[in-house]
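First comes the structure, then the notes that go with it.
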Amino acid sequence: MKVRTRFAPSPTGYMHIGNLRTALYEYLIAKSAGGDFLLRIEDTDQKRYVEGATDIIYATLKRVGMDWDEGPDIGGNYGPYIQSERKSIYGEYAHKLVELGGAHYCFCSKEEADGQKDDVQNMKFNDPCKHIPLEEAKKRVAAGEPYVIRQTIYKTGKSKYHDEVYGDIEIDYDELDEGVLLKSDGLPTYNFANVVDDHLMQITHVVRGNEYISSTPKYNLIYEDFGWEHPHYVHVPPVMKDAQHKLSKRNGDASFQDLVAKGYLPEAVINYIALLGWNPGTDQEIFSLDDLKKCFSVERLNKSPAIFDITKLTWMNGCYIRALPAAGFHKLALPYYEKTLTRKVNLEYLSQVLQPRVETLGDIPGQIDFIENVLDYTPELYNNKKMKTDAAVAGNTLAEARKVLENVSDWDNDSLFAALKNAAEQLGVKNGQILYPLRIALSGKETTPGGATEIASVLGREETLRRIDDALAKL
RNA sequence: GGUCCCAUCGUCUAAUGGUUAGGACACCACCCUUUCACGGUGGUAAUAUGGGUUCGAAUCCCGUUGGGAUCACCA
């Protein structure tokens, strides 16, 4: 049988990292087996619906290359793929489940149901409507009395099922809540919709957060009552912000789009989150989506929560940036240049210098701030123990450097460096004694991306000489 | 509170009864070097705890502790 998985988010806002990772695992389980990955929108809670949220879902999945085979926008043989458009289907099945004995009509108000739960010792709702004879309940429904359909749990003893990650799970039927399946507005709850849809859409592997482990027996009961076979279950541990808290948008934790806005590459984010809870069994850490499709396996999924470590993601992002072709990096860096630079400098060369030095694109502005204007500094900046320089040395070598640089014919790093190295030899000083002061003069910074001659290459002859003059005046 | 789940360096993880407990990030040192970064080499650092089982336990069993989840007309 063809493997089919689904990503079934509810459109309630931004795409957070935990969600994206679940989608990734669903995608990989399908694709590593040559199966189908589908997208289903779970919008049965009209109160939580956020305008534009589905667009973010589409855009994110597309951006990372997780193409879906069936979904609201592209259709498929098992549609519609938006739950609010499937209302009549759920109604039909819910009433059928009542006939089958797996559910019953309940006329209690929300308040009545809640009121019963005050007892801390027994949180379980004991529904009086469960005992209303079906014929009588049907009459009340027909008479227009408001109702919900609740699951009826008649079994006793232990329920058992197998989870691909957690192994065999055993829960007493006594623990199971007879939850609402069809709300008074006629829409289903997740508890019902997911079962009906997963069956109707022929989903073979249900992948979801491990908070569903203990309610899965309820869903299995519904499958059984309908005479359906239940799917394989793959419950995955949460992605944490720290040891105690899940990563969540509500706490302002980074979403996928936040990370991209900060200059993380989508490919790096996907690579990183794939490894939060899964490992290939080898030392390989860099994986493209295609690589992952080839070697992913549910057996290597982890049981315990993983803390999202932005530091490691940052490192990995740096790997991706360095692996970019030069032109590719330049294209990504350009918008950042445009935001911070008005001076006309050698941007191609700047990119070349910057590429091995940035870990996220967001690092760029901080690296190139001196290009616009020399940063404020005092002559003490020229003091450098290792280079054996101070303001006096700088005054001399800068003047020499200026003379040499004036006569350099090809304004590129190699020529500039050769010329200054030669000058240092002539003067009988260390390279650093001429290059370090030059860096300060050109940038006003102790550390810069690239050496003094690289900065000079970026700035160009005119600006370089002008900055040296300014520095000499300052000394 | 009942029930379920989880537990290896600070973090992500490997080791499915026999390893000097391995790798990666971070951190530190050294090398390379026109600073920084990249790259290279090396280092610090872990089996929560108490009992079993076994010739032998990170690994299997039980208890303890710690953490998480769940008990909605949310998903």
Side-chain angles (χ1 to χ4, degrees), chain A residues 8-10 12 42-45 47-48 106 108-110 113-114 117 119-125 146 148-150 163 166-167 169-172 174-177 179-185 187-191 193-194 208-215 217 235 237-238 240 242-246 272 275-285 300 302-316 318 322 353-359 367 384 386-387 413 416-417 420-421 424 430-436 438-440 443 445-455:
Chain A
S10 52
T12 55
E42 308 215 330
D43 61 345
T44 55
D45 186 1
K47 292 188 291 294
R48 296 208 307 161
C106 171
C108 299
S109 68
K110 174 128 173 46
D114 283 348
K117 298 198 174 188
D119 187 0
V120 189
Q121 291 307 109
N122 180 18
M123 305 281 274
K124 206 178 147 186
F125 176 57
V148 300
I149 293 181
R150 265 183 199 280
D163 181 84
Y166 287 93
I169 305 287
E170 238 177 69
I171 291 169
D172 205 301
D174 239 23
E175 295 294 324
L176 271 28
D177 207 44
V180 171
L181 266 22
L182 200 73
K183 301 184 273 189
S184 51
D185 63 4
L187 282 166
T189 60
Y190 169 84
N191 300 318
N194 93 86
R208 50 158 71 129
N210 71 1
E211 67 267 25
Y212 291 101
I213 285 181
S214 36
S215 44
H235 286 101
M240 310 290 282
D242 56 46
Q244 274 76 33
H245 309 280
K246 264 195 201 187
Y272 176 69
L275 262 21
L276 273 184
W278 176 85
N279 77 83
T282 67
D283 283 346
Q284 187 181 347
E285 291 205 282
R300 299 203 69 91
N302 262 85
K303 286 182 197 166
S304 28
I307 298 174
F308 181 85
D309 181 14
I310 190 82
T311 309
K312 183 147 187 179
L313 169 59
T314 303
W315 163 77
M316 191 173 275
R322 290 192 292 278
V353 168
L354 239 31
Q355 189 169 0
R357 283 169 239 264
V358 298
E359 290 191 298
Q367 295 256 40
N384 185 304
K386 195 178 161 196
M387 299 299 153
N413 181 55
L416 294 172
F417 184 68
L420 290 177
K421 190 176 174 186
K430 297 171 58 156
N431 290 345
Q433 289 183 291
I434 195 159
L435 292 164
Y436 184 77
L438 181 58
R439 175 204 326 285
I440 305 295
S443 66
K445 293 176 84 170
E446 194 173 14
T447 64
T448 53
T453 60
E454 285 164 309
I455 299 173

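In what follows, chains are A, B, ... by sequence order, proteins preceding strands, each numbered from 1. Quick caveat, the model's predicted, so the values are computed rather than measured.
Between the side chain of A/Y212 and the base of B/rA75 there is at least one donor-acceptor pair of N/O atoms closer than 3.5 Å. Residue side chain A/T453 reaches the base of B/rU34 through a donor-acceptor N/O pair under 3.5 Å, judged by distance alone. Not a single donor-acceptor pair, N or O on each side, falls under 3.5 Å between the base of B/rC25 and the side chain of A/T311. Residue A/R439 places no side-chain atom within donor-acceptor reach of the base of B/rU34, judged by atom type and a 3.5 Å distance cut-off alone.
Atom CG in A/D45 sits about 9 Å away from atom C1' in B/rC73, given to the nearest Å. Look at NE2 on A/H245: it is 11 Å from C1' on B/rG67, rounded to the nearest Å. Between A/R208 atom CZ and B/rC74 atom P the separation is 18 Å, expressed in whole Å. Here B/rA75 presents its P atom at 12 Å from CG of A/L181, a figure rounded to the nearest Å.
Contact annotation: the side chain of A/D45 never approaches that of A/Y190 to less than 4.5 Å [non-hydrogen atoms, C-beta and beyond]. By the 4.5 Å heavy-atom criterion applied to side chains, A/Y166 and A/I213 are counted as neighbours.
Using a 4.0 Å heavy-atom distance criterion, A/C108 is classed as a base contact. Contact annotation for A/T44: backbone-only contact, meaning every heavy-atom pair under 4.0 Å involves sugar-phosphate atoms and none involves a base. At the heavy-atom level, A/K430 lies nowhere under 4.0 Å from the strands shown. Counting any heavy atom pair closer than 4.0 Å across all strands shown, A/E175 reaches a base atom. Within 4.0 Å (heavy atoms only), A/M316 reaches no atom of the nucleic acid at all. Within the 4.0 angstrom heavy-atom criterion, base atoms lie near A/S184. At the heavy-atom level, A/A452 lies under 4.0 Å from base atoms of the strands shown. Here A/N413 lies in heavy-atom contact (under 4.0 Å) with a base.
Pairing partner, B/rA29: B/rU41, with both Watson-Crick or wobble hydrogen-bond distances short of 3.5 Å. Remark: B/rG1 base-pairs with B/rC71; criterion is Watson-Crick or G-U wobble with both hydrogen-bond distances under 3.5 Å. Across all strands shown, B/rA7 pairs with B/rU65; the Watson-Crick or G-U wobble distances both stay below 3.5 Å. Pairing of B/rU16, defined by two Watson-Crick or G-U wobble distances under 3.5 Å, is not identified with any nucleotide.
Cation-pi contact between A/R208 and A/Y212: present, with separation from the ring centre below 6.0 Å and deviation from the ring axis of at most 45°.
Taking atom C1' in both B/rU53 and B/rC62, the straight-line distance is 11 Å, to the nearest Å. B/rC4 and B/rG23 have their C1' atoms separated by 33 Å, with the value rounded to a whole Å. Nucleotides B/rA48 and B/rU8, compared at atom C1', are 10 Å apart to the nearest Å.
The closest donor-acceptor contact from the side chain of A/Q367 to the backbone of A/L354 lies at 3.5 Å or more, if one exists at all. For A/K183 (side chain) and A/T44 (main-chain N/O), a donor-acceptor pair under 3.5 Å exists by modelled atom type. Side chain of A/T189 to main chain of A/V180: a donor-acceptor pair is present (N/O by atom type, distance under 3.5 Å, no hydrogens or angles). A donor-acceptor pair under 3.5 Å links the side-chain atoms of A/D163 to the main chain of A/H235, judged by distance alone. Side-chain atoms of A/D172 do not come within 3.5 Å of backbone N or O of A/E175 as any donor-acceptor pair.
Within 6.0 Å of NZ on A/K421 lie no more than 12 heavy atoms contributed by other residues, nucleotides or ligands. Around the CD atom of A/Q284, the shell of radius 6.0 Å holds more than 12 heavy atoms that belong to other residues, nucleotides or ligands.
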Would you mind building the protein contact string for nucleotides 61-66 of chain B? One character per nucleotide, 5' to 3', B for base within reach (heavy atoms under 4.0 Å), S for sugar-phosphate only, - for untouched.
-> ------

Classify every nucleotide of nucleotides 4-17 of chain B by which part a protein heavy atom approaches to under 4.0 Å, writing B for the base, S for the sugar-phosphate alone and - for neither, in 5'-to-3' order.
-> SSSS---SBSSS--

How does protein contact run along nucleotides 38-47 of chain B, one letter per nucleotide 5' to 3', with B for base contact, S for sugar-phosphate only, - for none, heavy atoms under 4.0 Å?
-> SS--------

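By the 5.5 Å and 30° criteria, A/F417 is stacked with the base of B/rU34.
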Given the rule in the side chain to side chain donor-acceptor pair (under 3.5 Å) test, do A/T448 and A/R439 qualify, once you have shown the distances and angles that lead to the verdict?
-> CA-CA 8 Å; A/T448 53; A/R439 175 204 326 285; 2.9 Å; yes

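Atoms OG1 and NZ, from A/T12 and A/K47 in turn, are 13.5 Å apart once rounded to the nearest 0.5 Å.
Checking A/D283 against A/L182, the closest nucleotide of RNA chain B that is more toward the 5' end is the one next to A/D283.
Contact check on A/E211 versus A/K246 returns a salt bridge, with a Lys/Arg side-chain nitrogen under 4.0 Å from an Asp/Glu carboxylate oxygen.
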